[in-house]
Amino acid sequence: TVGCVVVDKQGHCAAATSTGGLMNKMTGRIGDSPLIGSGTYACDLVAVSCTGEGEAIIRSTLAREVAAVMEYKGLNLHEAVDYVIKTRLDEGKAGLIAVSKNGEVACGFNTTGMFRGCATEDGFLEVGVWE
Amino acid sequence: MGGWAIAVHGGAGVDPILPNERQEEAKRLLTRCLDIGISALRSNLSAIDVVELVVRELETDPLFNSGRGSALTEKGTVEMEASIMDGPKRRCGAVSGLTTVKNPISLARLVMDKTPHSYLGFAGAEEFARKQGVELVDNEYFITEDNVGMLKLAKEANSILFDYRIPTLTTCGGSAAMENQLQMNGLPISLYAPE
């Protein structure tokens, strides 16, 4: 799975996710990536793209959950990402990337690693695989 | 307003014994995609245009599991899916079951922009793609030699594998599985491809 989340200079957020799914999957299987609110979500606060165990991400509506805890619990982006990865995945393994309308960027995962990169306007740039 | 920001991913669930050269290859691709996104943002492209642009690049490169390089079904074919969402008005578009659309994310964008719907799948999505004139390719275009080998391993293990793109056959086969005690979904982590 691949994904990208962006907040532009106007503070507008957007998310995109694309995948081939699982190796040896049944034909007709649909994972989390095309499901708005599960693998992909964006609103006026935040944009999120997920990857990992699709069925677990669907059960937890993971992407929307990040936005929800920001809206209803008042968490900031990093707190929201940590919270959903730790409390919403049950036994599932997954990761996500997110940006907020304020120009923050965050990623979280409970797998061994996640191929990821991020950058911000103030010059921060990071590419990583492991924790 | 905090300025622009961008993040990209190429899947989670990385094989702990992933060779260094494969890690570096992945980092190079992620860096290239970040650079494309950064340039677009500096040129004042909107967030929705930038996410589509960057994901198209990731779909076109066979390294990760999307577009060319997608995981294979039990029949050895490729069925792709994608979605896109624009935050300000919560507009969204999604597609599933694509077999010939070169860049699924752009078809998802067209669903969002050109239809009254949010999600098209399988034959209907392919028909919409033809009507929109998007670039189509044979299903074989998406199938890589590495993935054919991984499907063979998956069938031998009688398991469904997460979309491990990067591991070589020697790192995701049965012997590696025996050496590695980490498990995901009840299966050795080395049997998975990082999604």
Side-chain angles (χ1 to χ4, degrees), chain A residues 1-9 11-28 30-31 33-34 36 39-44 47 49 51-53 93-95 97-99 102-105 107 109 111-122 125 127 129, chain B residues 1-14 16 23 26-27 30-31 34 38 41 46-48 50-52 54-55 58-59 64-66 70-75 78 80-88 90 92 94-96 104-105 150-151 154-155 160-163 184 193 195:
Chain A
T1 304
V2 303
C4 180
V5 292
V6 164
V7 55
D8 61 24
K9 284 180 182 171
H12 295 161
C13 298
T17 312
S18 181
T19 191
L22 307 177
M23 188 66 73
N24 203 23
K25 67 181 180 181
M26 294 171 69
T27 54
I30 292 172
S33 296
I36 296 299
T40 305
Y41 189 74
C43 59
D44 55 352
S49 172
T51 175
E53 215 173 296
K93 297 288 183 183
I97 53 173
V99 293
N102 299 322
E104 300 161 306
V105 62
C107 70
F109 51 93
T111 53
T112 50
M114 180 168 76
F115 296 106
R116 65 197 188 276
C118 56
T120 59
E121 189 167 6
D122 59 12
L125 191 148
V127 174
V129 178
Chain B
M1 206 70 69
W4 57 254
I6 179 172
V8 296
H9 72 75
V14 185
Q23 294 179 40
K27 286 180 182 175
L30 291 167
T31 303
L34 274 181
I38 290 166
L41 284 163
S46 65
I48 193 72
V50 176
V51 295
E52 181 187 0
V54 170
V55 170
L58 289 160
E59 288 175 337
F64 296 128
N65 176 15
S66 68
S70 279
L72 306 179
T73 68
E74 60 189 359
K75 293 179 180 170
V78 162
M80 299 166 290
E81 44 197 25
S83 67
I84 192 165
M85 189 161 188
D86 192 13
R90 301 195 204 196
C92 59
V95 288
S96 278
I105 196 64
M150 287 170 55
L151 178 62
K155 285 182 176 294
I160 295 164
L161 305 191
F162 279 83
D163 60 349
M184 184 159 76
E195 179 170 4

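To find a chain, count down the sequence lines: A is the first, B the second, and so on, and within it residues start at 1. In what follows, every heavy atom counts, from backbone to side chain, and hydrogens, waters and symmetry copies are set aside.
Considering all non-hydrogen atoms of both residues, Val8(B) and Cys4(A) come closest at CG1-SG, 4.0 Å. Of all heavy-atom pairs between Ala7(B) and Ile97(A), the closest is O-CD1, 3.3 Å. The minimum heavy-atom distance linking Thr112(A) with Gly13(B) is given by the pair OG1-C, 3.8 Å.
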So Phe115(A) and Lys27(B), side chain to side chain contact (heavy atoms under 4.5 Å, CB included) or not? Walk me through it.
CA-CA 8 Å; Phe115(A) 296 106; Lys27(B) 286 180 182 175; over 6 Å; no

Let's go through Val99(A) and Ile6(B) carefully: what are the C-alpha distance in whole Å and the side-chain angles of both, what is the deciding distance for side chain to side chain contact (heavy atoms under 4.5 Å, CB included) to 0.1 Å, and is it a yes or a no?
CA-CA 7 Å; Val99(A) 293; Ile6(B) 179 172; 5.9 Å; no

Set out, in order, the CA-CA distance, both residues' side-chain angles and the distance that settles side chain to side chain contact (heavy atoms under 4.5 Å, CB included) for Met26(A) and Thr73(B), then state yes or no.
CA-CA 6 Å; Met26(A) 294 171 69; Thr73(B) 68; over 6 Å; no

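Counting heavy-atom pairs under 4.5 Å between each of Gly3(A), Ala98(A), Gly31(A) and chain B puts Gly3(A) at the top. Each of Ser96(B), Ala47(B), Cys92(B) has some count of heavy-atom pairs under 4.5 Å with chain A, and the biggest count is that of Ala47(B). If you tally non-hydrogen atom pairs under 4.5 Å between each of Leu34(B), Asp86(B), Leu58(B) and chain A, the highest count goes to Leu34(B). Interface check for chain A: of the options Ile38(B), Val51(B), Leu30(B), the most heavy-atom pairs under 4.5 Å are formed by Val51(B). The greatest number of non-hydrogen atom pairs below 4.5 Å with chain A, out of Ser46(B), Pro104(B), Pro88(B), Ala94(B), is found for Pro88(B). With chain B as the partner, the residue from Asp122(A), Asp44(A), Val127(A) showing the most heavy-atom pairs under 4.5 Å is Val127(A). Taking chain B as the reference chain and counting heavy-atom pairs below 4.5 Å, the highest number among Ser18(A), Ala16(A), Pro34(A) is found for Pro34(A).
To the nearest 0.5 Å, the span separating NZ on Lys75(B) from CG on Asn24(A) amounts to 12.5 Å. Separating the SG atom in Cys43(A) from the CE atom in Met85(B) is a distance of 7.5 Å, to the nearest 0.5 Å.
A donor-acceptor pair shorter than 3.5 Å can be found between the side chains of Ser49(A) and His9(B).
Between Val2(A) and Val55(B) there is a side-chain heavy-atom pair separated by less than 4.5 Å. Val14(B) has its side chain out of reach of Met114(A): every pair of non-hydrogen atoms, C-beta onward, lies at least 4.5 Å apart. Residues Trp4(B) and Val6(A) have side chains not in contact (no heavy-atom distance under 4.5 Å, counting atoms from C-beta outward).
Counting non-hydrogen atoms of neighbouring residues, nucleotides and ligands closer than 6.0 angstrom, the NZ atom of Lys155(B) exceeds 12 such neighbours.
For chain B, the nearby parts of Ile30(A) are the backbone and the side chain; heavy atoms of each come within less than 4.5 Å. Of the atoms belonging to Ala47(A), not a single heavy atom falls under 4.5 Å from chain B. Heavy atoms closer than 4.5 Å to chain A are found nowhere in Val78(B), neither backbone nor side chain.
Judged purely by atom type and a 3.5 angstrom limit, Ser33(A) has no side-chain atom pairing as donor or acceptor with the backbone of Ala82(B). At distances below 3.5 Å, not a single donor-acceptor pair connects side-chain atoms of Asp8(A) with backbone N or O atoms of Leu41(B). No donor-acceptor pair under 3.5 Å is formed between the side chain of Glu81(B) and the backbone N or O of Gly21(A).
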